[in-house]
Amino acid sequence: MEYSIQELSHLSGVTTRTLRWYDQIGLLKPSRVAESGYRYYGKAEVDRLQDILYYRALGVELARIKECLDDPSFDRLAALRNHLAALEAEQERLGKLIRSVKETIGAEERKEFMSDEQKFEAFKQRTVAHNEKVYGAEIRAKYGDKEVDEANAAVMNLTQEQYQAWTGLGQEIQERLEAAVQAGLSPESEEGKEICTLHRQWLTITGNQYDAAKHRGIAELYVMDERFTAYYDKRIPGCARFLRDAVVHWAK
């Protein structure tokens, strides 16, 4: 079976303009181009487009998708199983979040009292769901489903006191990063060392075993991924790079 670009657009819901862009960047090349200039796509291209759409649904960037699909060791069946596991996990998280929101709405409508513990559980669920939606695909691709699921479970198992300590550490790290950058300090200074130590505590407060190499790898993401950079640099540019450089220098 062969599809013209218009037919593939109708079949997949992807615009012809997007399909042309995918061709231009080498993400999805047509099986052939007729003398008239029309693009045609075969079964292999349809399967590849399906894989692209699965990855896009999980928030993976186009460059990363191309890297995965062009890898000679790419296993489509294994990738589909990973997609299914991620989608099922997301479905479960959303189900919990929906139930929590419904309970909150019901309590408000009936003017019932909702305990701090119930509110706290809902807040943890929202935190995990947000992080999974924004960063989950990339981190799962880098570290694996098992490790990400364990990290999410660790957050959900935090007591209210532990959670407050965790968020408090995050705020302290941000404030000290901004102060260090404004003061023109070096990441190799004592302040850089202390910020690195605080960041280590922040990573392990959920009970995760410390791994210096992984710590440095996470810090690299802060400058490689614009979403992380925007988070740390939201008030003072340079904070993400300062943190990365401090961790690279001091994490042993």
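For clarity, every value in this text was computed on a predicted model and none was experimentally measured.
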Would you kindly confirm whether [X] and [Y] end up in one hydrophobic cluster when ILVMFWY residues are joined by side chain heavy atoms under 4.5 Å apart?
{"X": "Ile236", "Y": "Leu177", "answer": "yes"}
{"X": "Ile218", "Y": "Val223", "answer": "no"}
{"X": "Met1", "Y": "Leu8", "answer": "yes"}
{"X": "Phe242", "Y": "Tyr231", "answer": "yes"}

* Which residues satisfy the side chain to side chain contact (heavy atoms under 4.5 Å, CB included) test with Ala212, sequence neighbours excluded? -> Tyr210, Arg216

* Partner set under side chain to side chain contact (heavy atoms under 4.5 Å, CB included) for Gln201, not counting sequence neighbours ->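 Residues passing side chain to side chain contact (heavy atoms under 4.5 Å, CB included) with Gln201: Leu169, Thr197, Leu198.
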
* Which residue pairs satisfy the ring-ring contact (aromatic ring centres under 6.0 Å, His included) criterion with at least one member in residues 10-34, sequence neighbours excluded? -> none

* Any ring-ring contact (aromatic ring centres under 6.0 Å, His included) pairs touching residues 48-73, not counting sequence neighbours? -> Tyr54-His83, Tyr55-His83

Backbone N/O of [Y] and side chain of [X]: donor-acceptor pair under 3.5 Å:
{"X": "Asp233", "Y": "Ala240", "answer": "yes"}
{"X": "Ser189", "Y": "Leu185", "answer": "no"}
{"X": "Ser9", "Y": "Ile5", "answer": "no"}

Could you measure the distance from the [atom1] atom of [X] to the [atom2] atom of [Y]? Nearest 0.5 Å is fine.
{"X": "Leu27", "Y": "Ile65", "atom1": "CG", "atom2": "CD1", "answer": "6.5 Å"}
{"X": "Cys196", "Y": "Ile173", "atom1": "SG", "atom2": "CD1", "answer": "9.5 Å"}
{"X": "Trp202", "Y": "Ile195", "atom1": "CH2", "atom2": "CD1", "answer": "14.5 Å"}
{"X": "Lys66", "Y": "Leu28", "atom1": "NZ", "atom2": "CG", "answer": "11.5 Å"}
{"X": "Tyr3", "Y": "Ser31", "atom1": "OH", "atom2": "OG", "answer": "12.0 Å"}
{"X": "Leu49", "Y": "Leu19", "atom1": "CG", "atom2": "CG", "answer": "6.5 Å"}

Who are the side chain to side chain donor-acceptor pair (under 3.5 Å) partners of [X], not counting sequence neighbours?
{"X": "Lys29", "answer": "Asp23"}
{"X": "Tyr222", "answer": "His199"}
{"X": "Thr16", "answer": "Arg20"}

* List for me each residue that meets ring pair (Phe, Tyr, Trp, His ring centres under 6.0 Å) alongside Tyr40, sequence neighbours excluded, and say none if there are none. =>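 Testing Tyr40 for ring pair (Phe, Tyr, Trp, His ring centres under 6.0 Å), a comparison that skips the adjacent residues, returns none.
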
* **Chi angles and distances behind the side-chain hydrogen bond (donor to acceptor under 3.5 Å, both in side chains) call for Gln50, Arg76** => CA-CA 11 Å; Gln50 186 180 36; Arg76 187 167 192 254; 2.6 Å; yes

* **Step-by-step side-chain contact (heavy atoms from CB on, under 4.5 Å) determination, Ile52 to Val14** => CA-CA 11 Å; Ile52 292 168; Val14 178; over 6 Å; no

Got a list of side-chain donor-acceptor pairs under 3.5 Å for residues 243-252, not counting sequence neighbours?
residue : atom : partner : partner atom : Å
Arg244  : NH1  : Glu220  : OE1          : 3.1
Trp250  : NE1  : Pro187  : O            : 3.0
Lys252  : NZ   : His249  : O            : 3.0

* Which residue pairs pass the side-chain hydrogen bond (donor to acceptor under 3.5 Å, both in side chains) test when at least one of the two sits in residues 175-187, sequence neighbours left out? ->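 As it turns out, the side-chain hydrogen bond (donor to acceptor under 3.5 Å, both in side chains) pairs with a partner in residues 175-187, which skip direct neighbours, are Gln171-Glu175, Glu172-Arg176, Gln174-Glu178, Arg176-Glu191, Arg176-Glu194, Glu178-Arg235.
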
* Asked: Would Leu62 and Arg56 satisfy side-chain contact (heavy atoms from CB on, under 4.5 Å), going step by step from the backbone distance to the final call?
  -> CA-CA 8 Å; Leu62 294 180; Arg56 289 298 289 157; 3.6 Å; yes

* Apply the test salt bridge (charged side-chain N to carboxylate O under 4.0 Å, His left out) to residues Arg64 and Glu61: give CA-CA distance (whole Å), side-chain angles for both, the deciding distance (0.1 Å), then the verdict. => CA-CA 5 Å; Arg64 175 60 179 157; Glu61 295 179 351; over 6 Å; no

* Check ion pair Arg48-Glu45 (N to O, under 4.0 angstrom) ->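 Salt bridge: no.
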
* Asked: Who else is in the cluster with Leu84 when I, L, V, M, F, W and Y are joined by side-chain contacts under 4.5 Å?
  ->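 Grouped by the 4.5 Å side-chain rule, Leu84 forms a cluster of one, so the answer is none.
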
* Asked: Does atom NZ of Lys193 have more than 12 heavy-atom neighbours from other groups under 6.0 Å away?
  ->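 Not buried by this count: 12 neighbours or fewer within 6.0 Å.
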
* Within a radius of less than 6.0 Å around CD of Glu226, do more than 12 heavy atoms belonging to other residues, nucleotides or ligands occur? -> no

* **Qualifying residues under salt bridge (Lys or Arg N to Asp or Glu O under 4.0 Å), relative to Asp47, sequence neighbours excluded** => Lys43

